[in-house]
Amino acid sequence: MADRLTDLLETRPWLLADGATGTNFFAMGLQHGDAPELWNLERPDDVVRHYRSFIDAGSDVILTNTFGGTANRLKLHGAQDKVFEINKAAAELAHRAIAESGRKDVIVAGSMGPTGDLFQPLGPLTVEEGAAAFAEQAKGLAAGGADLAWIETISAVDEVQAAVMGAKAAALPYAVTLSFDTNGRTMMGVTPAQFATLAHELEPRPVAFGGNCGTGASELMAAILNLEEAKDTADVLIAKSNCGIPEYVDGEIHYTGTPELMADYARLALDAGVRIIGGCCGTTPEHIRAMRTALEAHEKGAPPEMASVIAKLGEISKGAEQQQAGPLGAVPEAPAGREGRRRGRRGRAAG
């Protein structure tokens with residue numbers, strides 16, 4: 001299976017991914033509750049402008065505007081019959097943005113977020129039904145020229161497996177990231193070390209895996225340090241943290257992370273062994289530009305101690321703190337916890 005991401009990593013010590021989708025689109029006029037994916041058909045020039053903003057800021061990996069691109073999510077907007085068309089257009093627009101930028105070394109990662117539905121026995125969705133939904137999305141992304149499927153902001157083992165099946169149906173290599181946003185675990189109770197074990201059991205293995213979204217850079221770094229302990233030497237880690245935490249100020253949502261904080265996070269992530277570093281909710285091209293400058297000037301050091309991470313990025317949860325004493329690595333057959341539709345409807349595009 002051809003894999004441009006792995007080929008590029010063979011020539012580079014690190015790659016810089018992009019930032020938030022929603023933060024950019026809200027600034028362009030997207031209204032809360034609207035589907036950004038529809039802009040791939042209705043406002044393609046703005047989608048290209050979004051991609052270009054991160055390419056020009058220095059991103060080597062850009063995620064397509066398809067986080068909610070399954071029929072399960074698009075049916076909320078009456079667009080469940082346009083899954084293939086929407087996803088294909090998103091990848092094509094990414095290639096258009098790359099061509100306009102003049103760069104040739106940018107990876108198009110086909111974003112595949114949660115379906116928003118619960119899997120059995122907690123809900124109605126079977127793994128097979130989830131896989132079919134992801135396969136429909138992945139085939140559109142592949143037709144548009146996506147280099148790989150980028151499965152992100154996942155909380156449940158079943159959903160990881162379904163999304164991987166979907167990527168395989170489209171003959172796409174894939175990366176996968178979980179959101180460790182509930183006391184050091186995903187909403188469904190999966191720890192970083194358990195995720196590393198799962199990643200090693202998937203067939204084929206992901207070309208890269210790690211964490212995204214969450215509750216801020218310090219919490220994501222705690223997860224990354226646990227992943228680093230559990231990974232194989234050949235594993236490629238991803239860190240794509242939220243830009244601080246959201247605050248409601250003067251009628252608008254603002255994230256607390258400054259470009260300086262995200263630059264510190266980028267350096268710490270590189271020291272921790274991460275090869276693909278980016279931002280998630282709240283991360284603007286300004287933040288990405290600061291991260292690029294920081295990474296280019298930084299010589300990789302020893303993995304940071306958690307005390308150093310906390311001093312630079314902020315406190316972590318008690319659950320994440322306890323995991324630093326020893327990773328919890330057995331993959332749960334039925335992860336404990338509560339999924340709910342909140343994660344399915346929030347996700348990256350809300351950032």
- Query: Which residues satisfy the side-chain contact (heavy atoms from CB on, under 4.5 Å) test with Thr293, sequence neighbours excluded?
  - Reply: none
Salt-bridge present ([X], [Y]; N to O < 4.0 Å):
X      : Y      : answer
Arg96  : Asp45  : yes
Arg289 : Asp56  : no
Arg4   : Asp147 : yes
Asp235 : Arg275 : no

- Task: Not counting sequence neighbours, list each pair that qualifies as a ring pair (Phe, Tyr, Trp, His ring centres under 6.0 Å) and has a residue in residues 206-232.
- Result: Phe195-Phe209
- Query: Name the one of Asn65, Val48, Thr64 that satisfies side-chain contact (heavy atoms from CB on, under 4.5 Å) with Leu93?
  - Reply: Val48
- Item | Sole residue of Glu159, Glu129, Gln137 in side chain to side chain donor-acceptor pair (under 3.5 Å) with Thr115 | Glu159
- Matching residue for Lys240 among Thr153, Asn212, Asp18 - test: side chain to side chain donor-acceptor pair (under 3.5 Å): Asp18
- Heavy-atom pair of closest approach, residues Pro44 and Glu42: CD-C, 3.4 Å
- Could you pull out the closest heavy-atom pair between Ala272 and Ile224, with the gap in Å? CB-CG2, 4.1 Å
- Give, for atom CD1 of Ile238 and atom CD of Glu152, the distance between the pair rounded to the nearest 0.5 Å. 9.5 Å
- Message: Could you measure the distance from the NZ atom of Lys168 to the CZ atom of Phe134? Nearest 0.5 Å is fine.
- Response: 15.0 Å
- Task: Measure from the side-chain N and O atoms of Asp158 to the backbone N and O of Val127, and report whether any donor-acceptor pair falls under 3.5 Å.
- Result: no
- Message: Other residues, nucleotides and ligands only: do more than 12 of their heavy atoms fall within 6.0 Å of CD on Glu296?
- Response: yes
